Asker: 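Attaching a single structure in structure tokens format; questions to follow.
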Protein chains: 2
Amino acid sequence: MTRTRFTAQERHGQLVTAALQAFALGGYAGTTTDQVARLAGVSQPYVIRLFGSKQELFLATVRHAGDQIEMKWRAAAAEEPTLRGLGHAYKELLAERELLIVLLHGFGAAEDPAIGEAVRSCYGNLYTVVRELTGATAEEARDFFAMGMLITVLGAMRVLGPDAVEPQPWMADILGTLPRPDTD
Amino acid sequence: MTRTRFTAQERHGQLVTAALQAFALGGYAGTTTDQVARLAGVSQPYVIRLFGSKQELFLATVRHAGDQIEMKWRAAAAEEPTLRGLGHAYKELLAERELLIVLLHGFGAAEDPAIGEAVRSCYGNLYTVVRELTGATAEEARDFFAMGMLITVLGAMRVLGPDAVEPQPWMADILGTLPRPDTD
DNA sequence: GTGATTAGTTATCAGCGAATAACAACCACG
DNA sequence: CGTGGTTGTTATTCGCTGATAACTAATCAC
């Protein structure tokens, strides 16, 4: 059985992708490096070898998530450089909830200084990018991010998104007010 | 050395208070029952005895946080039954960040069915209560909670609150738009 | 006071999880 | 072909963590 070998760079990417899935589900402390390893089809010690530590793996994952979101927004702004335009991109982000939820977990783990630093830097960058792309005022940007956080949290709670639970009355109530995610 | 004994009920309360502090810092998976026990000045096995399991302890903590927030809002509404009135109560909630942050951790841990259920029930209750107390429309309530989530997350990130980090330009930018938390 | 109940402890375990060490396969290239 | 660097593995360790068991001590009812 001749194993397919990848370059360290390729594995790095694969592992970050796997880590995104895993950490989005379990959070930083709640996810094991072995889960990530299995998801990527690699042995656990190799994950540690490539990233040095679990924390470094998480940091890489958070940075990756930030970069991905930034990319999506830049792409969206190329078509419609307004908050409304970026809001549409949020649709897709919610469909693959992992990017947003991993950031959410980062916020939760911000007690750890290294993680806190990474997560603030990531969020600050996104804020700056959004304002640059759309020319929004500080108030508008704030509202944009506030709504984004609400949506992210609703997604994490399974009120919103692909694997949402049976909707309760109050959920329908909130969902009804959201910028319709199903129409164009 | 004659130990002071408490009723199980009293210990229960003390432990939930300690758990609130501990879980707010470390999250569900990132906090040990021993940390909670030490914080309450009790042995770790006793915590398990009283609550049955770590998960039950966390659930009790989340429910407690929800109840506390509801109480604060009811008290605030007694003076000014508007969203603005409840917004003022948010000030105090942020000062003792634990209540909000523990809920945030609950959202992150919502993958666990039991925790997800508890956290949705808690959030749904708060939403209903806020609308009842203020007579706000669904849109207004949504905006209120969105802003609340933003503030909570900024608190978790140490952008806002007692132990905030050295402010970066983008932080000052956002903070400047927030309903001034320092004035009346 | 004494027996039963309730509040708490110490001792211990079984399993997990991150990290290390040592080894093995693969590939490039002179 | 063989040698050195790169990609990976398996074996192992050691600290931690939730949970159980068995025991101790304060308090209550009468």
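Just so you know, these numbers come straight off a predicted model, no measurement behind them. The sequence lines fix the lettering, A, B, ..., with proteins before strands; numbering per chain opens at 1. Values reported hereafter were calculated over all heavy atoms of this structure, with side chains retained and with hydrogens, waters and symmetry mates removed.
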Asker: Determine: side-chain N/O of A/Ser43 to OP1/OP2 of D/dG8, distance under 4.0 Å, yes or no.
Answerer: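 No, A/Ser43 has no side-chain N/O under 4.0 Å of OP1/OP2 on D/dG8.
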Asker: Once you apply a heavy-atom cut-off of 4.0 Å, does B/Thr32 come out as touching a base, just sugar-phosphate, or nothing?
Answerer: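 It contacts sugar-phosphate atoms only.
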Asker: Atom CG of A/Asp34 and atom P of D/dT12: how far apart are they, to the nearest Å?
Answerer: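 Between P of D/dT12 and CG of A/Asp34: 17 Å.
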Asker: Let's test your reading of the model: under 3.5 Å, does the base of D/dT7 pair with the side chain of A/Arg11 as donor and acceptor?
Answerer: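 In this structure, the two groups form no donor-acceptor pair.
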Asker: Between B/Glu139 and A/Thr177, is there a side-chain donor-acceptor contact under 3.5 Å, judged purely by atom types and distance?
Answerer: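 The criterion, which ignores hydrogens and geometry beyond distance, is not satisfied for B/Glu139 and A/Thr177.
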Asker: Tell me which of A/Tyr28 and B/Gly41 sits closer to the 5' end of DNA chain C, going by the nucleotide each one is nearest to.
Answerer: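 Its nearest nucleotide being more 5', the pick is B/Gly41.
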Asker: Identify each atom pair where a protein N or O and an N or O of nucleotides 11-14 of chain C are less than 3.5 Å apart, giving names and distance.
Answerer:
none

Asker: Does the D/dT20 base have a donor-acceptor partner in the side chain of B/Arg49 within less than 3.5 Å?
Answerer: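 Absent.
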Asker: Does NZ or CZ of B/Lys72 come closer than 6.0 Å to the centre of the six-membered ring of B/Tyr90, within 45° of the ring's axis?
Answerer: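 Relative to the ring axis of B/Tyr90, which defines the angle, B/Lys72 lies outside at least one limit.
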Asker: Would you say C/dA18 has OP1 or OP2 under 4.0 Å from some side-chain N or O of A/Thr33?
Answerer: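 Answer is yes, contact under 4.0 Å.
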Asker: Between A/Thr82 and A/Glu80, is there a side-chain donor-acceptor contact under 3.5 Å, judged purely by atom types and distance?
Answerer: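 A pair is found: one side chain offers a donor N or O, the other an acceptor, under 3.5 Å apart.
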Asker: Using a cut-off of less than 4.0 Å, is there contact between a side-chain N or O of B/Tyr46 and OP1 or OP2 of C/dG8?
Answerer: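 Checking C/dG8 against B/Tyr46, a side-chain N or O does come within under 4.0 Å of OP1 or OP2.
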